[in-house]
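Report on the structure given below.
On a predicted model such as this, the values are computed, not experimentally measured, just so you know. Hydrogens, waters and symmetry mates are skipped; everything else that's a heavy atom, side chains included, is used.
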Amino acid sequence: MSVINVSQCHYPESDGKPMGETDIHRDEIIRHIHLLRHYLEDQQVYVSGDLLVYYEQGNPRKFVVPDTFIVRGVSLEKRRVYKTWVEHKVPDLVIETTSRKTRRKDTTEKPLLYARLGIKEYFLFDCLEEYLDPPLQGYRLAGSEYELIVPDAGGSLVSEELGLRLRREECRLQFYRLDNGERLLTADERAEKANERAEQAAERAEREMHARQAAEAELAKIRKELKRRK
């Protein structure tokens, strides 16, 4: 009987499948990753997506490719693949940007695997509303199985792992902070907001300057009138 040398196992970096099946799905996945990376940048949280996650040492066929996932308490270095036995940690949260094509995996196979691995939260987002009703659904691990996260009246879901409220708005998944209610912004949105603030500050400074000049002119006028009357 031959013995497999696990140290010599090759773990491929690609499953040969493209990231996302449409521009909309791919762009949405990338957007989720960038938003969460910026939000969690001051914490020790690894944020990635479309990366092969191997979960059984010595068996390169045992992997899964989450669209977006986070792992708390591991290094933030860039990885070619993620091996759970090396990191000593499975992801804490996964978001799958699902479609009719990936329906079976996203609603049947992956939930069973993620629950078995111990991934605490699992979210499904059907950005094009192709099959999922409601198009945003979330699950939280309770024991060895997932329980549905009950949405609020507006259909949004709270992620305890992120400390965020997730809400579908048009074809996008938006993230809102629980502490101040602010929406997470993309780099372009942050730049636009910074420009708006700079413009508003410049306008405010100009108004204050004009007001000061007007006040000084009025004061000079009053002084001149008082001097004339003496």
With heavy-atom distances below 4.5 Å as the criterion, would you say the side chains of Gln137 and Leu132 are in contact? yes
For Cys171 and Leu128, which heavy atoms make the closest approach, and how far apart are they? SG-CD2, 4.4 Å
I want to check something: taking the side chain as every heavy atom from C-beta on, are Tyr46 and Tyr82 in contact at a cut-off of under 4.5 Å? yes
Regarding Glu169 and Arg167, does a basic nitrogen lie under 4.0 Å from an acidic carboxylate oxygen? yes
For Glu170, I'd like to know if atom CD has over 12 heavy atoms of other residues, nucleotides or ligands within 6.0 Å. no
What do you reckon, is CZ of Arg172 surrounded by more than 12 foreign heavy atoms closer than 6.0 Å? no
Closest approach of Leu173 and Glu28, non-hydrogen atoms and distance? N-OE2, 2.8 Å
Pick from Val94, Ile95, Ile29: which one makes a side chain to side chain contact (heavy atoms under 4.5 Å, CB included) with Pro66? Val94
Do His25 and Ser99 come within less than 4.5 Å of each other through their side chains, counting heavy atoms only? yes
Does some side-chain heavy atom of Leu93 sit less than 4.5 Å from a side-chain heavy atom of Lys120? no
NZ/NE/NH1/NH2 to OD/OE distance under 4.0 Å, Glu121 and Arg140: yes
Could you tell me whether Lys105 and Glu96 have a side-chain N and a carboxylate O separated by less than 4.0 Å? no
Is Arg31 close to Thr186 at the side-chain level, that is, under 4.5 Å between some pair of heavy atoms? yes
Kindly indicate whether the side chain of Ile30, heavy atoms from C-beta on, has any atom under 4.5 Å from the side chain of Arg26. yes
Using a 4.5 Å cut-off on heavy atoms from C-beta on, say whether the side chain of Tyr39 contacts that of Val47. no
Does any part of the side chain of Tyr11, heavy atoms only, come nearer than 4.5 Å to the side chain of Gln57, both counted from C-beta? yes
